[in-house]
K.L.:
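The following block contains the structure, expressed as structure tokens.
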Amino acid sequence: MTITRMREIEVDIAIIGAGFGGSLAALLANRIGRSVVLLDRGKHPRFAIGESSTPLANLVLEELSQQYDLPWLKPFANYASWKATYPDIPTGLKRGFSYVHHRRGEHFRPDRDHHGELLVAASYGPDDADTQWLRADFDAFLAQRVERAGIPFWERTEIDEFHDFGTVWRLKGQVENEPVDIRASFVVDASGGASPFARQAGLPDRTHTLKTHSRTVFAHFRGVKPWDDLYRVAGGVGDDHPFRCHDSTLHHVFDGGWMWVIPFDNGVTSAGWCLDPRRHPLDESITPEAEWAYWMHQFPSVAEQFAEAVPVSDGGKLRRTGRMQRRLGQAAGPNWALLPTAAGFIDPLHSSGNAHTLLGLERLVRAWEEDWDTPRLPVRLQEYDRLLQREIEFIDGIVAASYAGFADFDRMVAVTMFYFATAVWSEHERRAGRPPNAFLCADDERFHTALEQAYRAVNDPAVSTPELEALVNRTFADINLAGLGDPSRKRMYPYPKPQ
Ligand SMILES: Cc1cc2nc3c(=O)[nH]c(=O)nc-3n(C[C@H](O)[C@H](O)[C@H](O)COP(=O)(O)OP(=O)(O)OC[C@H]3O[C@@H](n4cnc5c(N)ncnc54)[C@H](O)[C@@H]3O)c2cc1C
């Protein structure tokens, strides 16, 4: 006779998915006195992607650490303090964002006016710089903190049934072969794209409303050369670069796609091609490795950077996805919520995902803290849903306009201002104690309307680049703290000093 044991628990909040978002949600819920169980279908440490942080992400991390008394979290909000406090958890120095424009079959040719370059600083120097998160190690550390806080944390656990009985959820599944039975007042889906809750709840799929189309081929590598070395060999000087491109998230952009290059201090570099499948459809008969080699062959300067690169993640295999974009029509209900990446995802371009996740978390935890037992909680969750939807639409608009501009770099540079002007302004306002209502000021109707116009303009050959630039400059005249679009800066933007 076999005796089947049952793993049972009754908690306030059940969180599905122990990426950095789920683990932080569990730790914060615990700090406000809620009982929690955290589940993940996998086991830490595991390879994950989503590595590049931003000033906004770091400001939120720091505030969460202070407000919820998690002092060990604060050092992660800055490169210098991360290195000093956690030297064994790999990170990378991120001074800003760099974009380099390539044409097929041609070497990149630097010039003094930086025609094919855009560098936007996100820090003054290494001491206040952002970080690149080696997610396997960072996420595993957070999961250990969950366990240290005494929060039940079940790995290799999957939930197949979510039953809503009004005041209580009943979740059923298994941890390895053991059945699981969870009673919880609130469910958080922090599972990234897997969204088991969304599938069970039959949430409407609104991916068709998104304008961006992209897929990716990626891995971690060793042996990637610093871009700055190649830049100098190609005749570039770089003395007016606000930072070394190697100390940034580097974007190689070209008609129909782009590549991210994210170096870590331990010699590993994350890299991936993002491709518009309408232009470059996924062909399953070609291996990811062969496709990688094909794209390298198209762009000789990128090929030089990767000439000695060897993939080191997943046993040397590359990962490839279909279309990355997802959007669900509802991100929260009276007793459940999806974290931002479970509700929708657009593209790694401009590194918006982690900041968005942290802002969503901040909003959710504040709603729990202030209104857990009040009739206002469902109202707060409606607002959470509304803002997430606005933010996903706004990010989609920026990314889709950027892709449309990849063929003509001047046009891409113009529309990236929708990201950089709103991000820098949000950082400034947050530092001044006036955080905007939504990520990237996405709740401001003016910016949505202007973005829609810019998206049409960037796709319309009848609209000249100066006309597009004028539209963008007008839109951000009041909040353009970094002097974006000022021709005298030659697309080299230092981080603006606090006012
Ligand atoms: C190719 C790519 C590149 C990106 N690059 C960047 C970047 O540079 N910067 C940036 O800010 N953002 C980036 N992002 C976005 C970033 O990945 C997300 O913002 C971030 O991972 C969200 O964290 P999370 O914890 O919510 O979800 P995830 O990190 O996706 O974690 C989800 C967790 O849920 C678990 N899980 C999944 N299904 C189940 C299930 N059924 N049951 C239980 N557990 C489950 C998984 O095992 C995982 O541990 C990128 C995304 C992609 C796709």
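Order of appearance sets the numbers: ligands from 1, and atoms from 1 within every ligand.
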K.L.:
Can we say Glu291 and Arg215 salt-bridge, meaning some charged N sits less than 4.0 Å from an Asp/Glu carboxylate O?
P.N.:
yes
K.L.:
Run the side-chain hydrogen bond (donor to acceptor under 3.5 Å, both in side chains) test on Arg95 and Ser248 for me, step by step, so that the C-alpha distance in whole Å, both residues' side-chain angles and the decisive distance to 0.1 Å come before the verdict.
P.N.:
CA-CA 5 Å; Arg95 294 281 330 277; Ser248 74; over 6 Å; no
K.L.:
Could you check which of Thr54, Val217, Asp189, Asn354 puts a non-hydrogen atom nearest to atom 11 (O) of ligand 1?
P.N.:
Asn354
K.L.:
With respect to atom 37 (C) of ligand 1, which of Gly19, Ala57, Ala190, Ser191 exhibits the smallest heavy-atom separation?
P.N.:
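Selected option, by shortest heavy-atom distance: Ser191.
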K.L.:
Measure across Asp137 and Pro90 and return the closest heavy-atom pair with its distance rounded to 0.1 Å.
P.N.:
OD2-CD, 3.5 Å
K.L.:
Students should be able to answer this: which protein heavy-atom is nearest to atom 24 (P) of ligand 1, and at what distance?
P.N.:
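Protein heavy atom at minimum distance: Gly21 N, 4.0 Å.
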K.L.:
Would Asp265 and Lys83 pass as an ion pair if we require N to O under 4.0 Å?
P.N.:
yes
K.L.:
Looking at Trp72, is Arg145 sitting on its ring face, NZ or CZ under 6.0 Å from the six-membered ring centre and within 45 degrees of the normal?
P.N.:
yes
K.L.:
Looking only at protein heavy atoms, which one is nearest to atom 9 (N) of ligand 1, and how far off is it?
P.N.:
Ser52 O, 3.0 Å
K.L.:
Distance to 0.1 Å, residue and atom name: give those for the protein heavy atom nearest to atom 1 (C) of ligand 1.
P.N.:
Trp260 CH2, 3.6 Å
K.L.:
When you measure from atom 40 (C) of ligand 1 to each heavy atom in Arg156, Arg41, Lys94, which option holds the nearest one?
P.N.:
Arg41
K.L.:
For His241 versus Leu119, what's the shortest heavy-atom pair and its separation?
P.N.:
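The answer is CG-CD2, 3.6 Å.
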K.L.:
What protein heavy atom is closest to atom 35 (C) of ligand 1, reported as residue, atom name and distance in Å?
P.N.:
Asp40 OD2, 3.2 Å
K.L.:
List ligand 1 atoms under 4.0 Å from Arg46, heavy atoms only on the residue side.
P.N.:
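Going through ligand 1 atom by atom, the ones under 4.0 Å from Arg46 are 48 (C), 49 (O).
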K.L.:
Decide, yes or no, whether a salt bridge links Arg366 with Glu369 under the criterion of side-chain N to carboxylate O below 4.0 Å.
P.N.:
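Looking at Glu369 together with Arg366, the answer is no, because their closest N to O distance does not fall below 4.0 Å.
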K.L.:
Assess the residue pair Trp260 and Thr249 against the criterion (side-chain hydrogen bond (donor to acceptor under 3.5 Å, both in side chains)); give the C-alpha distance rounded to whole Å, side-chain angles, the decisive distance to 0.1 Å, and a yes or no.
P.N.:
CA-CA 7 Å; Trp260 79 79; Thr249 295; over 6 Å; no
K.L.:
Between Thr321 and ligand 1, which part of the residue brings a heavy atom under 4.0 Å of the ligand: side chain, backbone, both or neither?
P.N.:
neither
K.L.:
Heavy-atom distance under 4.5 Å between the side chains of Arg170 and Asp181, does that happen here?
P.N.:
yes
K.L.:
May I ask you to identify the nearest protein heavy atom to atom 30 (O) of ligand 1, giving residue, atom name and distance to one decimal place in Å?
P.N.:
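Residue, atom and distance for the closest contact: Gly192 CA, 3.5 Å.
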K.L.:
Regarding ligand 1, does Ile159 bring an N or O atom to under 3.5 Å of one of the ligand's N or O atoms?
P.N.:
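In fact, backbone or side chain, Ile159 has no N or O that close.
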K.L.:
So, 4.0 Å and heavy atoms of Arg135: is ligand 1 close enough to count as a contact?
P.N.:
yes
K.L.:
On a heavy-atom basis, which atom in Ile346 and which in Met324 lie closest, and how many Å separate them?
P.N.:
O-CB, 4.1 Å
K.L.:
In ligand 1, which numbered atoms sit nearer than 4.0 Å to a non-hydrogen atom of Pro348?
P.N.:
1 (C), 2 (C), 3 (C), 4 (C), 5 (N)
K.L.:
Are Glu383 and Arg380 ion-paired here, with the side-chain N under 4.0 Å from a carboxylate O?
P.N.:
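Looking at Glu383 and Arg380, the cut-off is not met.
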K.L.:
Enumerate the atoms of ligand 1 whose separation from the nearest heavy atom of Ile16 is less than 4.0 angstrom.
P.N.:
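Counting atoms of ligand 1 from 1, those under 4.0 Å from Ile16 are 42 (N), 43 (C).
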K.L.:
Decide whether an N or O pair under 3.5 Å exists between Asp139 and ligand 1.
P.N.:
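Asp139 vs ligand 1: no N/O contact under 3.5 Å.
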K.L.:
Under 4.0 Å from a heavy atom of Thr357: which atoms of ligand 1 are those, numbered in the order shown and with their elements?
P.N.:
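In order of numbering, the contacting atoms are 19 (O), 22 (C).
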K.L.:
Take Ser214 and Asp347, measure what side-chain hydrogen bond (donor to acceptor under 3.5 Å, both in side chains) needs, and give me the verdict at the end.
P.N.:
CA-CA 7 Å; Ser214 62; Asp347 190 275; 2.5 Å; yes
K.L.:
Under 4.0 Å, heavy atoms only, figure out whether ligand 1 is touched by the backbone of Thr341, its side chain, both or neither.
P.N.:
side chain
K.L.:
Give the atom numbers and elements of ligand 1 that come within less than 4.0 Å of a heavy atom of Glu158.
P.N.:
41 (N)
K.L.:
For Ser53 and Asp130, what are the C-alpha separation, side-chain angles and deciding distance, and is it a side-chain hydrogen bond (donor to acceptor under 3.5 Å, both in side chains)?
P.N.:
CA-CA 6 Å; Ser53 178; Asp130 298 326; 5.1 Å; no
K.L.:
Which residue holds the protein heavy atom closest to atom 6 (C) of ligand 1, what is that atom called, and what is the gap in Å?
P.N.:
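Its nearest protein heavy-atom neighbour is Gly50 CA, 3.3 Å.
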K.L.:
Of all the non-hydrogen atoms in the protein, which one sits nearest to atom 52 (C) of ligand 1, and at what distance?
P.N.:
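Heavy-atom neighbour on the protein nearest atom 52 (C) of ligand 1: Phe345 CZ, 3.5 Å.
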K.L.:
Please compare Ser352, Gly353, Ala194, Gly272 and report which has the shortest non-hydrogen distance to atom 38 (N) of ligand 1.
P.N.:
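Checking each option, the heavy atom nearest atom 38 (N) of ligand 1 is found in Ala194.
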K.L.:
To the nearest 0.1 Å, how far is atom 41 (N) of ligand 1 from its closest protein heavy atom, and which atom is that?
P.N.:
Pro196 CG, 3.4 Å
K.L.:
Just heavy atoms, cut-off under 4.0 Å: does Ser351 contact ligand 1 by side chain, backbone, both, or neither?
P.N.:
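Answer for Ser351: both.
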K.L.:
Got a donor-acceptor contact below 3.5 angstrom from the Gln200 side chain to the Asp160 backbone?
P.N.:
yes
K.L.:
In terms of atom number and element, which parts of ligand 1 are under 4.0 angstrom from non-hydrogen atoms of Phe20?
P.N.:
20 (C), 22 (C), 23 (O), 25 (O)
